[in-house]
*Asks:* 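I have a structure here, written as structure tokens, and I will follow up with some questions on it.
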Amino acid sequence: MNAIWFRNDLRLHDHQPFLNTVNNGGEVRAVFVWDERLEERSLNMKRMGENRRRFLIESLEDLATSLHAYGISLTIVHGNVEEVMSSWLIEQRIEHVFVHDHPGFEERQDLSKVMAKMPETKWHVSEGHMLFRRDQLPVELTAFPMSFTRFRKKLETKLLVPQKNHPYTGAERDVIQESSGKHPEMRPINMPMALEELKDMYPGSVGIVKGGETAGLERLSTYVKDPKRLFTYKQTRDGLLSFDDSSKLSFWLANGCLSPKRVYQTIMQMEAEHGRNESSYWLFFELLWREYFQWLMLATQGRLFLKRGLLEKELIWYDDLRHFEAWKKGETGYPLVDAAMVELNTTGYMSNRARQNVASFLTKNLGVNWLWGARYFEEQLIDYDPASNYGNWAYQAGVGTDMRELRAFNVVGQGIRYDPKGRYAKHWLKLPESLPGHVVYDPEELRKCVEWPQTIVDQEESLRKRKKELGLG
Ligand code: FAD
């Protein structure tokens, strides 16, 4: 008996374990472990909040439906990954397991523990979470570059990847290939889908996006395959309010409903038809950021999750619950930060621009323990991804790859610059439409027009204090 173990790869396209299993012959089972760690709680935070949970359930439902069409049923087991997975393998008399590797610290440990516990089982492990395979990477993990630019330049020197201001040649298309193998014929099974356990876990509300491969591929079509969107991405990506300001592919990429290689190939296809411009290149550039953090997480072996991050020295961090709660609830008095946190709490999403601002405010103005912020994002973000989340947080907190100076975002100036009409804050903070744009992000100006609370700290003063305590000015 063969089994596909689905983990963070809830799709059938570009899925080597699926192709290998069905082409290996014999009967096939599929399994997903609902990890009991997702229910863990600390500091009043869960590992997985309601929006993330809903998306995962929808993704599993979609996967079960797709597998059903190929005559494969998906079983969901719940508990400690090592224990429940090994019991299931014994119970089902599984001889071959086909599974994707994942660069996450816990994910890698889980896989190696189950493999060690089941040495008689034949393990077939494929790479599938990143754009590049390990053997393609032009750097050793032991000497992994501690800067994104150096990583990108190495790729550009060694591989024919897209480059800024270089026209599309066609050769780029071959660098990153989807998994190979024949897709089987569909042969639906007669038995009902065993998804009752999922129904009981439903949070019971509707999200801003639907989980699953079907919805992910649909978004790829409506965004990347639409020249009006793809070829204007660079101009719109910093927008705060509108859904189509950026690709929103992160939900499906993070949950493995969409393969990064499929996204890459779709960009290449569009460039082959229409030519490359700054925007189509830039979407690839952002995928490279994702790629960088995945390999960085693997290379640094869990250090991204430590308070000291990748730095060799401890910084001063405050376990200040009062400031942390005000930040979480969107009650700092700074409209950009507050609107962004309300959006996150309501929808499970926040734009990249807003994420940078709220992370900077928590770590550089409030000096609150950056791991708390990262943990809160882990709970709330539908697109939570260990490498991208902890990597970006460490970077914002100044404990990432380097910290020569303390560069903080000015959360008043950023609001005015990226949303001059104040539409984002008006929407999420229910401010009057009639307010002139320039007052919306400035708490003092805003107080002259509406009732508005005092800020919890003064932006300039708090930054001066932080710099001083870190010996940076
Ligand atoms: P687009 O702008 O359309 O970008 C396309 C894709 O490129 C994204 O879907 C994503 O996969 C990748 N990408 C873009 N920017 C980044 C980046 N800075 N780092 C890594 N990948 C990137 N992204 C996550 O996917 N999961 C997270 O948990 C996460 N946490 C973050 C925490 C902080 C503090 C910050 C500053 C950023 C974080 N990001 C995270 C990165 C980024 O904010 C999101 O990927 C992006 O906002 C998702 O929206 P989009 O798909 O429309 O992005």
Side-chain angles (χ1 to χ4, degrees), residues 9 11-16 18-19 66 126-138 148-149 151-183 212-239 243-254 256-295 352 388:
D9 49 354
R11 63 174 187 270
L12 295 190
H13 71 275
D14 187 26
H15 199 289
Q16 199 67 60
F18 170 67
L19 291 176
S66 306
S126 316
E127 296 182 57
H129 190 67
M130 280 93 104
L131 286 174
F132 301 100
R133 292 186 314 271
R134 191 151 171 180
D135 65 358
Q136 284 182 305
L137 216 61
F148 167 72
T149 307
F151 172 72
R152 178 174 59 77
K153 291 207 164 134
K154 287 231 182 236
L155 287 173
E156 287 173 356
T157 324
K158 299 277 161 86
L159 301 171
L160 292 167
V161 294
Q163 287 188 47
K164 195 176 171 197
N165 301 329
H166 287 218
Y168 174 79
T169 66
E172 301 93 328
R173 215 170 176 156
D174 302 328
V175 183
I176 294 162
Q177 294 289 335
E178 290 192 19
S179 44
S180 55
K182 215 170 129 278
H183 256 258
E213 177 182 22
T214 310
L217 289 171
E218 225 170 271
R219 178 65 186 164
L220 189 66
S221 272
T222 54
Y223 191 90
V224 183
K225 285 194 188 160
D226 180 345
K228 285 198 292 303
R229 290 186 177 139
L230 175 64
F231 294 112
T232 57
Y233 166 72
K234 187 139 188 275
Q235 286 87 59
T236 59
R237 62 183 284 274
D238 277 313
F243 193 80
D244 289 328
D245 283 340
S246 61
S247 76
K248 303 296 186 291
L249 294 175
S250 58
F251 304 115
W252 297 281
L253 282 168
C257 304
L258 199 54
S259 142
K261 292 184 191 141
R262 177 62 60 91
V263 180
Y264 176 83
Q265 283 299 340
T266 310
I267 301 173
M268 292 306 111
Q269 190 191 324
M270 290 297 287
E271 291 188 341
E273 284 168 30
H274 305 268
R276 172 171 304 148
N277 81 351
E278 239 195 342
S279 286
S280 60
Y281 166 76
W282 214 265
L283 192 58
F284 164 72
F285 181 85
E286 293 303 334
L287 286 181
L288 269 194
W289 266 108
R290 174 186 183 275
E291 191 76 6
Y292 176 66
F293 284 126
Q294 306 297 327
W295 290 108
N352 186 55
S388 298

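Keep in mind that the numbers below use all heavy atoms, side chains included, and drop hydrogens, waters and symmetry copies.
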*Asks:* Taking salt bridge (Lys or Arg N to Asp or Glu O under 4.0 Å) as the test, write out the residues that go with Glu178, two or more places apart.
*Replies:* Arg262

*Asks:* Can Phe151 and Trp295 be said to form a side chain to side chain contact (heavy atoms under 4.5 Å, CB included), step by step?
*Replies:* CA-CA 10 Å; Phe151 172 72; Trp295 290 108; 4.1 Å; yes

*Asks:* Determine, stepwise, if the pair Thr236 / Ser246 fulfils side chain to side chain contact (heavy atoms under 4.5 Å, CB included).
*Replies:* CA-CA 7 Å; Thr236 59; Ser246 61; over 6 Å; no

*Asks:* Mark yes or no for whether Glu127, through its side chain, and Arg134, through its backbone, hold a donor-acceptor pair below 3.5 Å.
*Replies:* yes

*Asks:* Grab the two heavy atoms, one from Lys261 and one from Ile176, that are nearest each other, plus how far apart they are.
*Replies:* CG-CG2, 3.5 Å

*Asks:* Please identify each residue that fulfils side chain to side chain contact (heavy atoms under 4.5 Å, CB included) with Ser279, with sequence neighbours left out.
*Replies:* Tyr233, Lys234, Gln235, Asn277

*Asks:* Sequence neighbours excluded, which residues qualify as side-chain hydrogen bond (donor to acceptor under 3.5 Å, both in side chains) partners of Gln294?
*Replies:* His129, Asp385

*Asks:* Does some side-chain heavy atom of Gln136 sit less than 4.5 Å from a side-chain heavy atom of Leu131?
*Replies:* no

*Asks:* For the residue pair Ser180 and Gln16, establish whether any side-chain heavy-atom pair is separated by less than 4.5 Å.
*Replies:* yes

*Asks:* Answer whether the closest heavy-atom distance between the side chains of Gln265 and Gln269 falls below 4.5 Å.
*Replies:* no

*Asks:* Please give me the minimum heavy-atom distance between Ser280 and Ile267, naming the atom from each residue.
*Replies:* O-CG2, 3.8 Å

*Asks:* Any idea which heavy atoms bring Arg11 and Cys257 closest together, and the distance?
*Replies:* CB-O, 3.5 Å

*Asks:* Can you find a heavy atom in the side chain of Leu19 that is under 4.5 Å from one in the side chain of Leu12?
*Replies:* no

*Asks:* What are the two closest non-hydrogen atoms of Gly128 and Pro260, and how far apart are they?
*Replies:* O-CD, 4.4 Å

*Asks:* Quick one: closest heavy-atom pair of Ala272 and Tyr168, and the distance?
*Replies:* CA-CE2, 3.5 Å

*Asks:* Would you say Glu172 and Thr169 are linked by a side-chain donor-acceptor pair, where the criterion is simply a distance under 3.5 Å?
*Replies:* yes

*Asks:* Side chains of Phe132 and Val161, heavy atoms from C-beta outward: is any pair under 4.5 Å?
*Replies:* yes

*Asks:* Would you call Pro162 and Met268 a side-chain contact if the rule is heavy atoms closer than 4.5 Å?
*Replies:* yes

*Asks:* Can you tell me which residue pairs pass the salt bridge (charged side-chain N to carboxylate O under 4.0 Å, His left out) test with a partner in residues 214-223, sequence neighbours excluded?
*Replies:* Arg219-Asp244

*Asks:* Could you list all the salt bridge (charged side-chain N to carboxylate O under 4.0 Å, His left out) pairs where at least one residue sits in residues 152-161, not counting sequence neighbours?
*Replies:* Arg152-Glu156

*Asks:* Can you name the side-chain hydrogen bond (donor to acceptor under 3.5 Å, both in side chains) partners of Arg133, sequence neighbours left out?
*Replies:* Asp135

*Asks:* Working to the nearest 0.5 Å, report the span between OG of Ser221 and OH of Tyr223.
*Replies:* 14.0 Å

*Asks:* Taking only residues two or more places apart in sequence or in another chain, which ones pass side-chain hydrogen bond (donor to acceptor under 3.5 Å, both in side chains) with Glu286?
*Replies:* Arg237, Trp282

*Asks:* About how many Å separate CG of Leu230 and OG1 of Thr266, when rounded to the nearest 0.5 Å?
*Replies:* 10.0 Å

*Asks:* Ignoring hydrogens and geometry, is there a side-chain-to-backbone donor-acceptor pair from Asp14 to Ser179 under 3.5 Å?
*Replies:* yes

*Asks:* Starting at CG of Leu283, measure out to CD of Glu278 and round the result to the nearest 0.5 Å.
*Replies:* 13.5 Å

*Asks:* Test side chain to side chain contact (heavy atoms under 4.5 Å, CB included) on Asp9 and Phe18 and set out the steps.
*Replies:* CA-CA 10 Å; Asp9 49 354; Phe18 170 67; over 6 Å; no

*Asks:* Within the 4.5 Å heavy-atom criterion, are Leu220 and Trp252 side-chain neighbours or not?
*Replies:* no

*Asks:* I'd like to check the salt bridge (Lys or Arg N to Asp or Glu O under 4.0 Å) partners of Glu271; sequence neighbours left out, ordered by chain and number.
*Replies:* Arg276

*Asks:* Grab the two heavy atoms, one from Leu258 and one from Leu253, that are nearest each other, plus how far apart they are.
*Replies:* O-CD2, 3.5 Å

*Asks:* Does NZ or CZ of Lys164 lie under 6.0 Å from the centre of the six-membered ring of Phe285, at an angle within 45° of the ring axis?
*Replies:* no

*Asks:* Who passes salt bridge (Lys or Arg N to Asp or Glu O under 4.0 Å) against Asp238, sequence neighbours left out?
*Replies:* Arg353

*Asks:* So, using side-chain hydrogen bond (donor to acceptor under 3.5 Å, both in side chains) as the criterion, who are the partners of Trp289 when residues are at least two apart?
*Replies:* none

*Asks:* For residues 258-278, which residue pairs qualify under ring pair (Phe, Tyr, Trp, His ring centres under 6.0 Å), counting only residues two or more places apart or in two chains?
*Replies:* Phe231-His274, Tyr264-Phe284

*Asks:* Using salt bridge (Lys or Arg N to Asp or Glu O under 4.0 Å) as the criterion, list what pairs up with Arg173, not counting sequence neighbours.
*Replies:* none

*Asks:* Side chain of Glu213, backbone of His13: donor and acceptor closer than 3.5 Å?
*Replies:* yes

*Asks:* Would you confirm whether Lys248, through its side chain, and Phe243, through its main-chain N or O, come within 3.5 Å as a donor-acceptor pair?
*Replies:* yes

